[in-house]
Amino acid sequence: MGDDVSRAIIVIFGASGDLAQRQLVPALHSLACDGLLTQGLRVVGVARSEFTDESFREHLYAGIDDYARREPEVCQLWEDWSEQYSYLQGDYSDPETYRRLAQRLEELDAEADTQSNHLFYLAVPPVVYADIAECLGEAELNRNEGGWARIVVEKPFGSDLESARNLNDRIHAVFDEEQVLRIDHYLGKDTVQNLLTFRFANAIFEPLWNRRYISHVQISVTESVEVGRRAGYYDDAGVLRDMFQNHLLQLLTLTAMEPPVRLSAEALRDEKVKVLHAVRRPEWEDLVVGQYRGYLDEEKVDPDSQTPTYAALRLFVDNWRWQGVPFYLRSGKQLEQKVTEIALQFRRVPHLLFPESESLAPNRLVICIQPDEAIHLSFEVKKPGAGMRPAPANLGFSYVDNFGEGALPEAYERLLLDALQGDASLFTRADEIELAWELMEPLLDKGDPFPYEPGSWGPEEAEGLIRGEGCSWHLGCLDRPGNNAS
Ligand code: BG6
């Protein structure tokens, strides 16, 4: 690996922005430090801000220094690598920008033997996605004689079903679906990809992974941060567009899908799409929305805003495997802790044999996506001593213990590498994204969010949603000695 993948030019639109500085360029740097990219690669940053090549590189270095997994001081690569980065100032809707870009690409293709492989990365506000795609088409940069051209589109991809369809249509008028890579950075997380390995490389879990043994599934993506400087965007979006339509539904599809016939982008995405088809259209009673106290005082938030910063949603997947098993999804800002986990709760034993059996905790399999990447299986053992009293115990696997500190790459490292390799497995397909919008659409207007305290676990009312199941929200990843949050 290495040489061929690096023989390309990445064009980052929005190169002066946060995403490029904090994620994309640090990711490229760490990949290079790990030897996965070579000096064949060229990166052209396009944006409206004023930069020289030199000041652009300094700006990027600050991001690498602060955010890269591989520290530049240790890896000592930037001095040689910085030369690969150049800047092109221009307006995104001005054909002149694309004329100059085409010329720059031609020069770099010749100079660095990049074989006319071009990856266009849209790290810009969504309103200009389609314009940029069309301008690339007009400049004939959407097709390459000798190499490939691909376009990476960031999230949010649309703000409802109609806008997502419209965006797909406009992009498809210029690029074929095989050339389009829609980002959901959760798919770039190793612990999310591990769902596939865990489920399909082991014989012992899959037989239990169905309605016969699982009583319900909880998918939690709790965040402690407030909306902060993204308030302007967030107040239009809210948690359902920002987190559910993409990240939470992706976690749901990977948990619920059937084994794909092979590990190819199409086979994998076909199975995820089947799950989305099988999800029963949720009703308003399946949703509880909340808003943290103080949200209305945030800068750029409408003082009368009804935007939810928290949501809890019950979904059912109507197929043979999952009929009748509720999937509870929740996510919110300003909650007590940041935790992303998928917890499968097993059914209770059919016959109660032991004293105190009524209070037996059900078995749980908890997949901790972040920040303490791990997997826990909880079960009962005999309490030592007289009698036959059960006591809870845990089997655990932790990434740090097994693979060491820092073994997990950042999501964008994997996604950029796959984009260069042309592997679309971890990118969202057009039909998938539209189906996800179709599912969320009826819920988007639910107003009157319940208030909740910052630093809590969300509004009380969210408990009501899950109580019917005879249980409560539970974060298994926090079940460590000394940790009594839930
Ligand atoms: C982004 C959302 O897609 O994901 C943010 O727009 C959210 O609001 C973020 O904070 C969470 O990502 P992660 O990787 O920190 O869980």
Side-chain angles (χ1 to χ4, degrees), residues 14 17-20 22-24 26-27 30 66-69 121-126 129 152-159 164 181-195 219-252 254 289-292 295 298 300-301 305 307-311 329-342 367-374 399 408-416 426-428 433 436-437 440 444 454 458 475 477-478:
D18 269 6
L19 183 69
R22 294 177 184 212
Q23 302 280 2
L24 305 182
S30 297
D66 285 347
Y67 301 106
R69 180 176 57 87
Y121 199 114
L122 306 190
V124 285
Y129 290 167
V152 181
V153 189
E154 261 295 334
K155 99 171 237 298
F157 194 96
S159 54
L181 302 164
R182 296 173 195 77
I183 290 264
D184 183 312
H185 80 279
Y186 266 55
L187 295 177
K189 293 179 191 283
D190 238 81
T191 45
V192 172
Q193 293 154 31
N194 182 49
L195 275 165
I219 301 181
S220 303
V221 184
T222 65
E223 295 192 275
S224 52
V225 289
E226 67 283 290
V227 296
R229 57 201 191 112
R230 295 171 71 235
Y233 146 77
Y234 194 90
D235 202 36
D236 284 338
V239 69
L240 293 170
R241 289 185 174 86
D242 187 50
M243 299 294 289
F244 277 70
Q245 184 274 340
N246 36 71
H247 309 324
L248 277 100
L249 286 184
Q250 286 296 333
L251 296 179
L252 169 81
L254 289 170
V289 288
Q291 187 186 72
Y292 64 81
Y295 173 73
E298 303 249 14
K300 298 204 183 135
V301 166
S305 173
T307 299
T309 60
Y310 173 97
L329 279 53
R330 66 170 161 164
S331 180
K333 301 266 186 219
Q334 280 274 49
L335 300 178
E336 189 174 314
Q337 280 189 50
K338 179 175 175 79
V339 180
T340 303
E341 71 167 50
I342 299 166
I367 297 163
C368 305
I369 307 290
Q370 58 185 17
D372 292 331
E373 295 88 355
Y399 277 81
L408 289 167
E410 295 293 337
Y412 277 97
E413 295 176 28
R414 174 63 191 257
L415 295 175
L416 280 164
L426 302 176
F427 296 89
T428 321
I433 219 148
W437 275 121
M440 296 314 297
L444 294 176
L475 286 171
C477 298
L478 299 181

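Each ligand, and each atom within it, is numbered from 1 in the order the structure gives. When a residue number appears, it is its place in the shown sequence, counting from 1. What you see below is based on every heavy atom in this structure, not just the backbone, and it leaves out hydrogens, waters and symmetry mates.
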Can you find a side-chain donor-acceptor pair between [X] and [Y] that sits under 3.5 Å?
{"X": "Glu298", "Y": "Tyr292", "value": "yes"}
{"X": "Glu154", "Y": "Tyr121", "value": "yes"}
{"X": "Ser220", "Y": "Thr222", "value": "no"}
{"X": "Asp184", "Y": "Thr428", "value": "no"}
{"X": "Tyr295", "Y": "Asp235", "value": "yes"}

Taking only heavy atoms of [X], which atoms of ligand 1 are found under 4.0 Å from at least one of them?
{"X": "Asp242", "answer": "2 (C), 5 (C), 6 (O), 8 (O)"}
{"X": "Lys333", "answer": "5 (C), 7 (C), 8 (O), 10 (O)"}
{"X": "His247", "answer": "1 (C), 3 (O), 4 (O)"}

(request) Pick, from Glu154, Lys155, Glu223, Lys189, the option with the minimum heavy-atom distance to atom 11 (C) of ligand 1. (result)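 Considering heavy atoms of Glu154, Lys155, Glu223, Lys189, the nearest to atom 11 (C) of ligand 1 sits in Glu223.
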(message) Arg230 versus ligand 1: do any nitrogen or oxygen atoms come within less than 3.5 Å of each other?
(response)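 Min N/O separation from ligand 1 is below 3.5 Å for Arg230.
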(message) Among all the protein's non-hydrogen atoms, which is closest to atom 12 (O) of ligand 1, and how far away is it?
(response)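 Ranked first by proximity to atom 12 (O) of ligand 1 is His185 NE2, 3.1 Å.
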(message) Among all the protein's non-hydrogen atoms, which is closest to atom 15 (O) of ligand 1, and how far away is it?
(response)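 Going atom by atom, the protein heavy atom closest to atom 15 (O) of ligand 1 ends up being Lys338 NZ, 2.8 Å.
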(request) State if Thr340 counts as touching ligand 1 under the rule of any non-hydrogen atom under 4.0 Å. (result)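 Not so, Thr340 does not reach ligand 1.
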(message) Quick check on Tyr186 - does any of its heavy atoms sit under 4.0 Å from an atom of ligand 1?
(response)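 Yes, Tyr186 has a heavy atom closer than 4.0 Å to ligand 1.
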(request) Ignoring hydrogens and angles, tell me if any N or O in the side chain of Asn246 forms a donor-acceptor pair with the backbone of Arg241 under 3.5 Å. (result) yes
(request) Output all residues satisfying salt bridge (Lys or Arg N to Asp or Glu O under 4.0 Å) with Glu341, sequence neighbours left out; order by chain, then residue number. (result)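 Listed in chain order: nothing, the list is empty.
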